[in-house]
Amino acid sequence: MPSELKIYNTLSREKEVFKPLNAPFVGLYACGPTVYNEVHLGNLRTFTTFDVVYRYLTHLGYKVRYVRNITDAGHLTDDGDGGDSKIEERAKLEQLEPMEIVQKYTTSFHEVCDIFNLLPPSIEPTATGHIVEQIEMVKRILAKGYAYEINGSVYFDVKKYMETHPYGQLSGRNVDDLLEVTRELSGTSDKKNSYDFALWIKTPDNALQKWPSPWGEGCPGWHLECSAMSGKYLGHQFDIHGGGMDLKFPHHECEIAQGVGADGVVPVRYWMHANMLTVNGEKMSKSKGNSFLPKELFAGEHKLLEKAYAPMAVKFFMMQSHYRSTLDFSNEALQAAEKGYAKLINAYTNLQSLVYSTAAQKNEAEDKEINDLCEQIYDKMNDDFNTAEVTAVLFEMSKKINSFKEGHIAIGSISETTFKRLKATFTAFIKDILAIDKADAQDDNTADGLMDLILSLRKDARDKKDFATSDKIRDALLQLSIQVKDGKEGTTWSKN
RNA sequence: GGUCGGAUGGCCGAGUGGCUAGGCUCAGCUCUGCAAAAGCUGCUACAGCGGUUCGAAUCCGCUUCCGACCUCCA
């Protein structure tokens, strides 16, 4: 009896059974990076979370359209007039065109995604490529009376909107509180109320990125692109919208208001938010100076890092926690994950080499246990993508697999159907869903041939009880991160 | 200040009103020429104080501590 997929919806603060609007089609939108510099590991956690969501929904048979944007239009502060955007700042710093900055860091982002074995989205729209759509959306909001224009900028009229619609539900905020605390920003304050937000912002004359609009030259407000692009590719209402916890307010709250304001429809059915990666209990962020880049992690070159860590081990580290919990980074935790990961992959490798054989007495209890594990793992995943529990089941399965390999349990004691189910389930979760199998499995025939030769020489030495030679080979290989494993049916090896 | 979330064994990290999470570490055993790998066994925790209950780490209240958002942020 397979369980139903449940998703924790930030909007209702409850786990809800997932029912797509138009099954088997699913619309999934995740907020992508602003490409003014490189993504750090914390950013990557969110993208990894939604990669798993995308992969799992696909695995379940849904036809998923996964849209993840690239924010390549820098955004000024809400009040406009505030000088340069992040991208412009960077462009001036590096003495490059804004679009060179955008290109550079988009490419770098893609490389990191690739290394982390994240699938490319179905559509990866850019903000600058959808200026027209954004302007059209502003027009619709203006036409409905939920926005006003002042001095070449257009602002969303939150107070007006609240007369007929709730605002602040997603983030649990009420506007009175916002009013009290909102800081007086220096410079102009064209907005009627401090909690209004910009849809279109007049840019300074020297701005590098600006576009013509009915209200003069300017750039789109920073919440607008996601609304315009999700609406274009997924429809005015779609299934799942994801992003980091820190985007809940104001970004996602504003998206809801824009969607309703422009098209009269609540845009998103299920809101998902990934929690932060922390360092010593504090959010990893560039401004705190506690962030590091994926490539620094893989090279071990950062003051916070004791050593280099393999990408898939890091990904597994993330999978061991739930996406809605904060995950605290530490060398100790990462090294523990590294070892656990190696164990899991070892079992995965063993599984591929197992061959079913009926020559054994059937053991109903064993058979049931394995079938239960195969069912449990889906139950766990269906429970709001609980990858932490999933990894626990994978370890249980690993024990079984290794026991088959070692002959501690006769493989024929379970039915062939059960064996095939185990193999298919384990493989699917490692390879297709969590996607933590070694991506660098480029078949290196030379290496395999060399290893066969070396191990056969070592076997000769061992047969002659020339352990000095055999141990010399073993130790030298270990220096190359190649581990030799002497088993009952000969020697195998693996490279870390 | 406002809103929200969290405090779990040596470390990381799930979870449920009563039943072993899992990983790492540590100890012992099996296997092994010796190791490693693998298997088995052991190590029983839920911030504090009250309350509800036959029973709470899990529900409620209070206290302490930590974090996130309220400004760009995944």
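Chain letters run A, B, ... following the sequence lines, proteins first and then strands; every chain starts at 1.
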Does anything in residues 457-468 of chain A reach RNA chain B, meaning a heavy atom under 4.0 Å, and if so which residues?
-> A/R458, A/R462, A/F467
Could you tell me whether the phosphate oxygens of B/C69, OP1 or OP2, come under 4.0 Å of any side-chain nitrogen or oxygen in A/K283?
-> yes
Answer yes or no: is there a donor N or O on one side and an acceptor on the other, between the side chain of A/D51 and the main chain of A/L118, under 3.5 Å?
-> no
Select from A/S403 and A/F317 the residue whose nearest nucleotide in RNA chain B is closer to the 5' end of that strand.
-> A/F317
Taking only nitrogen or oxygen atoms into account, show me every contact under 3.5 Å that the protein makes with nucleotides 19-21 of chain B, one pair per line with its distance.
none

Would you confirm whether the ring centroid of A/H241 sits within less than 6.0 angstrom of the ring centroid of A/Y270?
-> no
Compare side-chain N and O positions of A/K288 against OP1 and OP2 of B/G67 and report whether any pair is under 4.0 Å apart.
-> no
Per the salt bridge (charged side-chain N to carboxylate O under 4.0 Å, His left out) rule, which among A/E94, A/E38, A/E111 passes with A/K104?
-> A/E94
Distance below 4.0 Å between A/N350 side-chain N/O and B/A38 OP1 or OP2 = no
Please work out if A/M276 contacts a base, only the sugar-phosphate, or nothing of the nucleic acid, heavy-atom cut-off 4.0 Å.
-> base
Taking the six-membered ring for Trp and the full ring for Phe, Tyr or His, determine whether the centres of A/F156 and A/Y161 are under 6.0 Å apart.
-> yes
Please enumerate all protein N or O atoms sitting under 3.5 Å from an N or O of nucleotides 5-7 of chain B, with distances to 0.1 Å.
none

Check: A/K86 side chain, B/C72 base, donor-acceptor under 3.5 Å = yes
Nearest to side-chain heavy atoms of A/N346, which nucleotide of B/A38, B/C40, B/A74 | B/A38
Side-chain atoms of A/R173 come closest, of B/C69, B/G23, B/A36, to B/C69
Which part of the nucleic acid, if any, lies within contact of A/V484, taking any heavy atom under 4.0 Å across all strands shown: a base, the sugar-phosphate backbone alone, or nothing?
-> base
Taking only the side-chain nitrogens and oxygens of A/S325, find out if one of them lies under 4.0 Å from OP1 or OP2 of B/A14.
-> yes
Check whether any side-chain heavy atom of A/Q209 sits under 4.5 Å from a side-chain heavy atom of A/T203, and report yes or no.
-> no
A/L247 side chain: which of B/C73, B/A36, B/G13 is closest?
-> B/C73
Quick check, are the ring centers of A/F47 and A/F109 under 6.0 angstrom apart?
-> yes
Closest to the A/H408 side chain, choosing from B/G39, B/A74, B/A37 | B/G39
To the nearest angstrom, the CG-C1' distance between A/D486 and B/C34 comes to 10 Å
Given the side-chain rings of A/H252 and A/H223, with only the six-membered ring counted for Trp, is the space between their centroids under 6.0 Å?
-> no
I would like to know whether A/K400 and A/E369 meet salt bridge (Lys or Arg N to Asp or Glu O under 4.0 Å); could you show each step before the answer?
-> CA-CA 10 Å; A/K400 297 294 181 193; A/E369 232 180 284; 2.8 Å; yes
Is a donor-acceptor pair below 3.5 Å formed from side chain A/R474 to base B/A35, judging by atom type as modelled?
-> yes
Rounded to the nearest 0.5 Å, what's the gap from CD on A/E225 to CG on A/D72? Could you check?
-> 7.5 Å
Tabulate protein N/O versus nucleotide N/O from nucleotides 24-28 of chain B, keeping only pairs under 3.5 Å, one per line.
unit_1, atom_1, unit_2, atom_2, d
B/C24, OP1, A/K343, NZ, 3.4
B/C24, OP2, A/K343, NZ, 3.4
B/U25, OP1, A/K339, NZ, 3.2

Return the stems involving RNA chain B, sorted by first number, where pairs are Watson-Crick (N1-N3 with N6-O4 or O6-N4) or G-U wobble (N1-O2 and O6-N3), both under 3.5 Å, and runs are 3 or more long.
-> B:1-7 with B:64-70, B:10-12 with B:22-24, B:26-30 with B:38-42, B:47-51 with B:59-63
Which part of the nucleic acid does A/K399 contact within heavy-atom distance under 4.0 Å: base, sugar-phosphate only, or nothing?
-> sugar-phosphate
Out of B/G13, B/C69, B/A36, whichever nucleotide has its closest atom nearest the side chain of A/L327 = B/G13
Once you round it to whole Å, what is the distance between C1' of B/G39 and CG of A/N402?
-> 8 Å
With distance as the sole criterion, do the side chain of A/D471 and the base of B/A35 form a donor-acceptor contact below 3.5 Å?
-> no
When the ring planes of A/F316 and A/Y341 are compared, do they come out parallel, tilted or perpendicular, using 30° and 60° as the limits?
-> tilted
Side chain of A/T34 only, please: which of B/A14, B/C72, B/A74 is the nearest?
-> B/A74
Checking only heavy atoms, does the side chain of A/N386 share a donor-acceptor pair with the base of B/G15 at less than 3.5 Å?
-> no
Just call it for A/E282: base, sugar-phosphate, or nothing, with non-hydrogen atoms closer than 4.0 Å on any strand.
-> sugar-phosphate
Should we say atom NZ of A/K92 is surrounded by more than 12 heavy atoms from elsewhere, each under 6.0 Å from it?
-> yes
Using ring pair (Phe, Tyr, Trp, His ring centres under 6.0 Å) as the criterion, point out the one residue from A/F329, A/F292, A/Y309 that pairs with A/H302.
-> A/F292
Using whole Å, report how far CE of A/M318 lies from C1' of B/G23.
-> 17 Å
With a 4.0 Å cut-off on heavy atoms, is A/G42 in touch with a base, just the backbone sugar-phosphate, or nothing at all?
-> base
Which atom pairs, one a donor and one an acceptor, fall under 3.5 Å between side chains of residues 467-480 of chain A and the rest of the protein, sequence neighbours left out?
unit_1, atom_1, unit_2, atom_2, d
A/T469, OG1, A/D466, OD1, 3.1
A/T469, OG1, A/D466, OD2, 2.5
A/S470, OG, A/F467, O, 3.2

Beyond-backbone contact of A/T492 with A/D486, side-chain heavy atoms, under 4.5 angstrom = no
